[in-house]
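The structure under discussion appears below in the form of structure tokens.
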Amino acid sequence: MFSEGEDGLDAATARELRDVVREAVVVAAVPNLSDYFPALAAADLLGVRRRIEKLVGWMYGLIDRPIERRRHPRAAGELRKGDLLDVALDMEGGDVDGDDEGWVMNQETLRGMFMDLLVTGSGSTTSTVEWAMAELLLNPRCMHKVREELRGVLGTRTHVAESNIDRLTYLQAVVKETLRLHPTVPIGLNKAEATVEIQGYRIPKGTTVYVNIWDICRRAKTWADDDPEKFMPERFVGCGDDKEEDRMIGFLGTNFELIPFGAGRRICLGMPLAERMLHLMLASLLHRFDWAPLPGQDGNGINMEEQFGLVLSMATPLRAVAKQVL
Ligand code: HEM
């Protein structure tokens, strides 16, 4: 986004960013009295707004610094870096499309956009990889199968390319099954733009509508007879009665039983990026390393308890031992 080098994050700031994002996604999802009694909002009785303001202030500082640093070389006509920041700054101060639609980039919209990318983009993807690794460590049969597939497709090559993903059908099933059991954005939040009636329920204009993605992905009729609590990537590679239909279920928002990225107009903006990153990260980790739970802990040391927040992460971060094989 901001390019490497002078604008890149040093290790300490990157760690702090990780902690701030982790806290923000939890604080933003805690039940707040003001949501139920808007008249009390100004009092901020639970201190949620104060905590969020502090975290947001830190994030804004992080975002403002590279923006400011970039303005001067740009004004002096220095060579562009051609990254997202350059593109966003190109749009600053004017009507982006020139069509009077009001699409203007300014300091606030720049902050909002980079904040979205940093907060929604990083935590959800890394948490999904973490859940997938945990499930595979707990299910050695699946771990073996996915690694065999990788060996067959990649051989001794260490680099996984985007073009390899199409042939990694079991890996794709692992990603789908992980997103089904552990949708890292568990609740979709939308606001009704107009008063509507859905299946006999009247939803007044302005109502905040919570879509329980977590529940849908576990309870939809599709999985009901097939041990929905079990990690079973095979359900996506044609093990049901109608094999073709099983295979077709995807998370692009058209199969409402599997909507980890939401659906409709407000479907996740980062889905194409997340989809690629998830397959590439997992493929690289699984192909190049042997994995084992950390020894010396109780049981296998893997605790699947969830930490609820805007992002659903593991309550106890996964710790595993990697041995490089390629
Ligand atoms: C595994 C990874 C991810 C998951 C599971 C996920 C899931 C979601 C979900 C469920 C929504 C709400 C959709 C709705 O209300 O119907 C959402 C919205 C959004 N996501 Fe993601 N996301 C992921 C990765 C990313 C990445 C990598 C980015 C950006 C680089 C991103 C950017 C966004 C944005 C900007 C929105 C708001 C879209 C809007 O309101 O129009 N997400 N995401």
Side-chain angles (χ1 to χ4, degrees), residues 1-3 9 17-18 21-22 24-25 28-29 56 59 62-63 83-85 87-88 103 105 108-135 162 165 171-193 196 198 203 207-218 220 233 236 249-283 285 306-314 318:
M1 288 193 293
F2 303 136
S3 293
L9 295 185
L17 171 63
R18 183 197 60 195
V21 170
R22 214 173 257 171
V25 296
V56 168
M59 293 286 294
L62 183 81
I63 292 166
D83 54 14
L84 187 60
L85 180 53
V87 175
W103 285 84
M105 273 288 182
E108 281 315 298
T109 47
L110 283 168
R111 281 173 159 184
M113 183 182 83
F114 285 113
M115 176 100 130
D116 264 1
L117 293 176
L118 285 170
V119 177
T120 56
S122 59
S124 48
T125 313
T126 48
S127 276
T128 306
V129 170
E130 199 178 5
W131 283 115
M133 292 300 292
E135 288 288 6
E162 229 179 285
I165 298 175
L171 177 73
Q172 289 174 35
V174 166
V175 169
K176 280 184 192 170
E177 182 65 342
T178 304
L179 286 165
R180 185 189 71 81
L181 268 179
H182 309 285
T184 42
V185 179
I187 307 276
L189 289 177
N190 292 287
K191 197 155 242 177
E193 278 187 359
V196 284
I198 300 176
I203 302 172
T207 306
T208 303
V209 180
Y210 293 72
V211 179
N212 191 340
I213 295 174
W214 186 95
D215 199 55
I216 292 171
C217 287
R218 287 191 182 217
F236 293 110
I249 293 179
F251 45 62
L252 304 181
T254 42
N255 300 111
F256 293 131
E257 57 273 57
L258 186 69
I259 50 164
F261 293 98
R265 280 166 74 178
R266 304 306 296 264
I267 195 168
C268 172
L269 216 58
M271 183 174 61
L273 175 67
E275 189 191 356
R276 283 172 181 78
M277 288 199 305
L278 289 173
H279 289 96
L280 291 176
M281 282 198 275
L282 273 173
L285 290 173
E306 297 165 332
Q307 161 80 68
F308 180 76
L310 286 187
V311 172
L312 193 74
S313 44
M314 294 184 77
L318 176 67

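Both counts, for ligands and for their atoms, begin at 1 and track the order of listing. Keep in mind that this is a model prediction, so the values were computed, not measured.
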> Taking only heavy atoms of Thr125, which atoms of ligand 1 are found under 4.0 Å from at least one of them?
Replying inline: 2 (C), 27 (C)
> Does the side chain of Glu135 come within less than 4.5 Å of Glu177's, by heavy atoms?
Replying inline: no
>> Evaluate Val175 against Phe236 for side-chain contact (heavy atoms from CB on, under 4.5 Å), listing each step before the verdict.
In response: CA-CA 10 Å; Val175 169; Phe236 293 110; over 6 Å; no
> What residues form a side chain to side chain contact (heavy atoms under 4.5 Å, CB included) with Leu118, not counting sequence neighbours?
Replying inline: Met1, Leu17, Met59, Leu62, Ile63
> Which part of Ile213 is near ligand 1, with near meaning a heavy atom under 4.0 Å away: side chain, backbone, both or neither?
Replying inline: side chain
> Which heavy atom of the protein is the closest neighbour of atom 40 (O) of ligand 1, given with residue, atom name and distance?
Replying inline: Arg266 NH2, 2.8 Å
> How far is atom 30 (C) of ligand 1 from its nearest protein heavy atom, and which residue and atom is that?
Replying inline: Leu117 CD2, 3.5 Å
> Any idea which part of Ala263 is under 4.0 Å from ligand 1, heavy-atom wise: side chain, backbone, both or neither?
Replying inline: backbone
>> Quick check: do Glu275 and Ile165 have side-chain heavy atoms less than 4.5 Å from each other?
In response: no
> What protein N/O/S atoms lie closer than 2.8 Å to atom 21 (Fe) of ligand 1?
Replying inline: Cys268 SG
> Are any side-chain N or O atoms of Glu162 and backbone N or O atoms of Arg276, one a donor and one an acceptor, separated by less than 3.5 Å?
Replying inline: no
>> Using only atom types and a distance under 3.5 Å, with no angle test, would you say the side chain of Asn190 pairs donor to acceptor with the backbone of Val209?
In response: no
> At their closest point, which heavy atom of Thr178 faces which heavy atom of Val174, and how far apart are they?
Replying inline: OG1-O, 2.7 Å
> Short check: is a protein heavy atom less than 4.0 Å from atom 17 (C) of ligand 1?
Replying inline: yes
> Can you tell me the protein heavy atom closest to atom 10 (C) of ligand 1 and the distance?
Replying inline: Pro260 O, 3.2 Å
> Quick one: does Trp131's side chain have a donor or acceptor within less than 3.5 Å of a partner on Leu312's backbone?
Replying inline: yes
>> Among all protein heavy atoms in this structure, tell me which lies nearest to atom 1 (C) of ligand 1, with the distance rounded to 0.1 Å.
In response: Thr128 OG1, 3.3 Å
>> Quick check on Glu193: does its CD atom have over 12 non-hydrogen neighbours (other residues, nucleotides or ligands) under 6.0 Å away?
In response: no
> Counting heavy atoms only, which part of Asn190 comes closer than 4.0 Å to ligand 1: side chain, backbone, both or neither?
Replying inline: side chain
> Nearest heavy-atom pair of Thr125 and Ala274: which atoms, and what distance?
Replying inline: OG1-CB, 4.4 Å
